Protein chains: 2
Amino acid sequence: MKEKPTLRELKQEKKKEDILRAAADVFIEKGYYRTTMEDVAAKLFMTKGSVYYYFADKQDLLFQSQVMLLKRGLLTIKEILNEEISAKEKLKKSLIQHIEHLINERSGFSMLIKPEQDFTVEQESIIFELREEYGKCFDFPIEEGIQTGIFQTNDPKIVRNLLLGAMNSLVQWYSPNGKKSKQEFADHVADYLLRMLVVDTE
Amino acid sequence: MKEKPTLRELKQEKKKEDILRAAADVFIEKGYYRTTMEDVAAKLFMTKGSVYYYFADKQDLLFQSQVMLLKRGLLTIKEILNEEISAKEKLKKSLIQHIEHLINERSGFSMLIKPEQDFTVEQESIIFELREEYGKCFDFPIEEGIQTGIFQTNDPKIVRNLLLGAMNSLVQWYSPNGKKSKQEFADHVADYLLRMLVVDTE
DNA sequence: TAAAATTTTGAATATTGATTCAAAAACAAT
DNA sequence: ATTGTTTTTGAATCAATATTCAAAATTTTA
């Protein structure tokens with residue numbers, strides 16, 4: 001049943017890939033809704049009509065580019081699982097792998113709307129201030145804890161961001177149907193997060 | 001210079017608030033780009049024209065509703081800072097507060113595009129599968145580590161999600177201009193995250 | 001090289017949804 | 001009740017793009 005792929009088919013495959021890469025790039029940079037089909041086409045010096053020859057519609061482009069990114073990430077991370085190393089090493093390597101994937105592709109599991117892309121500069125700076133102020137509410141106790149020695153870290157800023165990032169992700173995966181009550185859940189999550197700062201058991 | 005607010009002005013204030021709340025709700029539920037001004041208006045049994053009487057444009061609605069949410073969150077979290085408790089207590093309380101705020105408002109620091117909102121059901125389920133597969137790559141070593149006793153947690157799923165959430169947030173705040181090299185950075189971050197699982201110092 | 005198949009083009013169409021606005025309705029003050 | 005002010009309405013406008021499509025260009029095949 002296997003057909004030999006003709007030259008043409010190979011070419012077509014390549015073109016599709018190119019388009020997907022370009023699309024992913026632009027989507028990541030400008031956000032899905034703000035990119036036009038022309039943006040994508042322009043990136044490859046084609047016209048939008050051409051893009052439609054390869055892909056059904058804009059949504060298809062988003063979908064397939066997401067699949068591509070995910071598959072690409074999966075490939076490398078799966079290799080790690082097969083290595084002959086301790087679970088801790090394995091996890092650490094996977095984390096590093098994922099982090100580098102994120103940094104390089106600038107694209108995570110979910111697409112973001114960055115407000116700075118829609119707001120005016122004044123609006124943007126106001127939001128920025130508020131977020132800073134909010135962040136400070138975590139920085140203060142962290143700094144205090146470092147002073148008094150209950151927290152151990154050389155990167156308070158990084159940890160702060162990790163804490164906030166981990167929490168904010170809740171919006172996506174928290175389900176109120178779990179076993180735990182809201183309070184219990186919040187309490188446990190807070191404990192796990194706190195562990196990032198507290199190394200010794202008291 | 002202070003003017004007594006007339007009945008009318010009070011009413012107007014209230015209406016504005018109502019609209020902002022409604023807008024925030026719909027934005028959170030459907031995502032900014034997918035909500036129309038009519039959606040917002042309908043939520044309050046008004047017509048879109050009316051909304052324009054109170055707000056300049058859609059963007060303004062997004063901006064002001066974000067400000068509202070942020071300010072509301074700030075209010076409660078700031079109180080915690082003034083309490084007479086240890087830094088660790090303070091941080092924990094703040095974390096819990098933030099977590100509950102997130103759960104209740106279903107809105108974090110950034111707006112996300114949830115694929116389930118744009119994709120067809122088939123597309124959605126494919127993406128879902130891939131993400132699951134990806135997540136598993138972290139679950140396996142975590143489970144293994146729990147078995148062998150190097151990891152301590154009763155909530156591997158939660159921790160897994162926290163790890164991924166924290167990492168994915170990188171996309172938003174990581175700057176390549178920091179002191180650390182990419183590798184160093186990834187390594188440190190991974191170490192902090194690992195702390196969530198490893199309680200004892202070896 | 002000619003015919004057939006594939007790919008590209010860009011203008012035309014379609015749709016969606018934001019924004020405007022003049023008129024109507026509701027309201028407040030005298 | 002009358003008049004002036006505020007608010008609401010919904011139809012009309014406007015703009016931006018996604019999408020289509022027939023014709024032109026290109027490539028492959030024989």
Side-chain angles (χ1 to χ4, degrees), chain A residues 3-20 22-24 26-27 29-66 111 113 115 117-120 123, chain B residues 3-27 29-66 111 113 115 117-120 123:
Chain A
E3 299 293 343
K4 56 191 162 130
T6 69
L7 182 71
R8 214 161 214 171
E9 285 169 333
L10 290 172
K11 240 184 193 169
Q12 201 174 61
E13 272 318 300
K14 165 151 172 34
K15 195 117 212 179
K16 275 193 190 176
E17 270 229 16
D18 286 349
I19 296 176
L20 282 182
V26 194
F27 288 157
E29 186 184 346
K30 315 183 59 167
Y32 178 66
Y33 291 99
R34 259 177 261 95
T35 70
T36 70
M37 292 301 268
E38 240 154 2
D39 290 334
V40 175
K43 190 119 186 171
L44 298 164
F45 308 106
M46 323 170 92
T47 56
K48 46 177 186 282
S50 249
V51 175
Y52 277 97
Y53 182 70
Y54 295 96
F55 294 93
D57 50 30
K58 190 179 167 186
Q59 195 195 55
D60 191 31
L61 223 42
L62 175 67
F63 168 66
Q64 295 207 37
S65 64
Q66 290 269 303
M111 299 213 109
I113 299 178
Q117 294 174 317
D118 260 308
F119 291 154
T120 66
Q123 290 178 327
Chain B
E3 297 295 340
K4 61 202 153 124
T6 68
L7 180 69
R8 218 160 212 175
E9 285 169 332
L10 290 172
K11 242 183 192 169
Q12 204 175 58
E13 270 320 298
K14 167 155 170 30
K15 196 116 213 181
K16 275 193 189 176
E17 270 229 15
D18 286 349
I19 297 176
L20 281 183
R21 271 174 215 283
D25 280 355
V26 194
F27 287 158
E29 187 183 345
K30 317 184 58 170
Y32 177 66
Y33 291 99
R34 258 175 264 93
T35 71
T36 68
M37 292 301 269
E38 238 152 3
D39 290 333
V40 175
K43 191 116 186 174
L44 297 164
F45 308 105
M46 321 170 95
T47 55
K48 44 175 186 280
S50 249
V51 176
Y52 277 96
Y53 182 71
Y54 295 96
F55 293 93
D57 51 30
K58 193 180 167 187
Q59 194 195 56
D60 190 32
L61 223 42
L62 174 66
F63 169 66
Q64 294 206 37
S65 65
Q66 290 269 306
M111 301 209 110
I113 299 178
Q117 295 174 319
D118 259 305
F119 292 154
T120 67
Q123 290 178 328

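Source: prediction; values computed, not measured. Convention: sequence-line order gives letters A, B, ...; per-chain numbering from 1.
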Undergrad: Can you tell me the distance, in whole Å, between the CE atom of B:Met37 and the C1' atom of D:dA12?
TA: 17 Å

Undergrad: Whole angstroms only, please: what is the CZ-P distance between A:Arg34 and D:dA16?
TA: 16 Å

Undergrad: Expressed in angstrom and rounded to an integer, what is the separation of A:Lys16 atom NZ from C:dT6 atom C1'?
TA: 14 Å

Undergrad: Test the B:Lys58-B:Phe27 pair against the cation-pi criterion, namely NZ or CZ under 6.0 angstrom from the six-membered ring centroid and within 45° of the ring axis.
TA: no

Undergrad: Within the structure shown, what part of the strands sits under 4.0 Å from B:Gln12 by heavy-atom distance: base, sugar-phosphate, or nothing?
TA: sugar-phosphate

Undergrad: What's the NZ-P distance between A:Lys58 and D:dT17, to the nearest Å?
TA: 8 Å

Undergrad: How many angstroms lie between CD in B:Gln123 and CZ in A:Phe63, if you round to the nearest 0.5 Å?
TA: 5.0 Å

Undergrad: Under 3.5 Å, is there a donor-acceptor pair linking the side chains of B:Asp118 and A:Tyr33?
TA: yes

Undergrad: Could you tell me how far apart A:Lys30 (NZ) and D:dA16 (P) are, to the nearest whole angstrom?
TA: 13 Å

Undergrad: Does B:Ser50 put a side-chain nitrogen or oxygen below 4.0 Å from OP1 or OP2 of D:dT9?
TA: yes

Undergrad: I'd like to know if the side chain of A:Gln64 reaches the main chain of A:Leu61, judged simply by a donor and an acceptor atom lying under 3.5 Å from each other, with no hydrogens or angles considered.
TA: no

Undergrad: Take A:Asp57 and A:Met37 through the side-chain contact (heavy atoms from CB on, under 4.5 Å) test and state the conclusion after the steps.
TA: CA-CA 9 Å; A:Asp57 50 30; A:Met37 292 301 268; 6.0 Å; no

Undergrad: If you compare every side-chain N and O of B:Lys15 against the phosphate oxygens of D:dT8 (OP1, OP2), does one of them come in below 4.0 Å?
TA: yes

Undergrad: Using atom OH of B:Tyr52 as one end and atom C1' of D:dA11 as the other, report the distance to the nearest whole Å.
TA: 15 Å

Undergrad: Indicate whether OP1 or OP2 belonging to D:dT8 is found under 4.0 Å from a side-chain N or O atom of B:Tyr54.
TA: yes

Undergrad: Does a side-chain N or O of B:Lys11 approach OP1 or OP2 of D:dT7 to a distance below 4.0 Å, or not?
TA: no

Undergrad: Between D:dT8, C:dT8, C:dG17, which nucleotide gets closest to the side-chain atoms of B:Met46?
TA: D:dT8

Undergrad: For DNA chain C, whose closest nucleotide is more 5', that of A:Tyr53 or that of A:Lys48?
TA: A:Tyr53

Undergrad: Report the distance from atom CD of B:Glu38 to atom P of C:dT19, rounded to the nearest whole Å.
TA: 13 Å

Undergrad: Roughly, in whole Å, what's the span from CG in A:Leu44 to P in C:dT9?
TA: 11 Å

Undergrad: Hey, does the side chain of A:Thr47 come within less than 4.0 Å of C:dG10's phosphate (OP1/OP2), counting only N and O?
TA: no

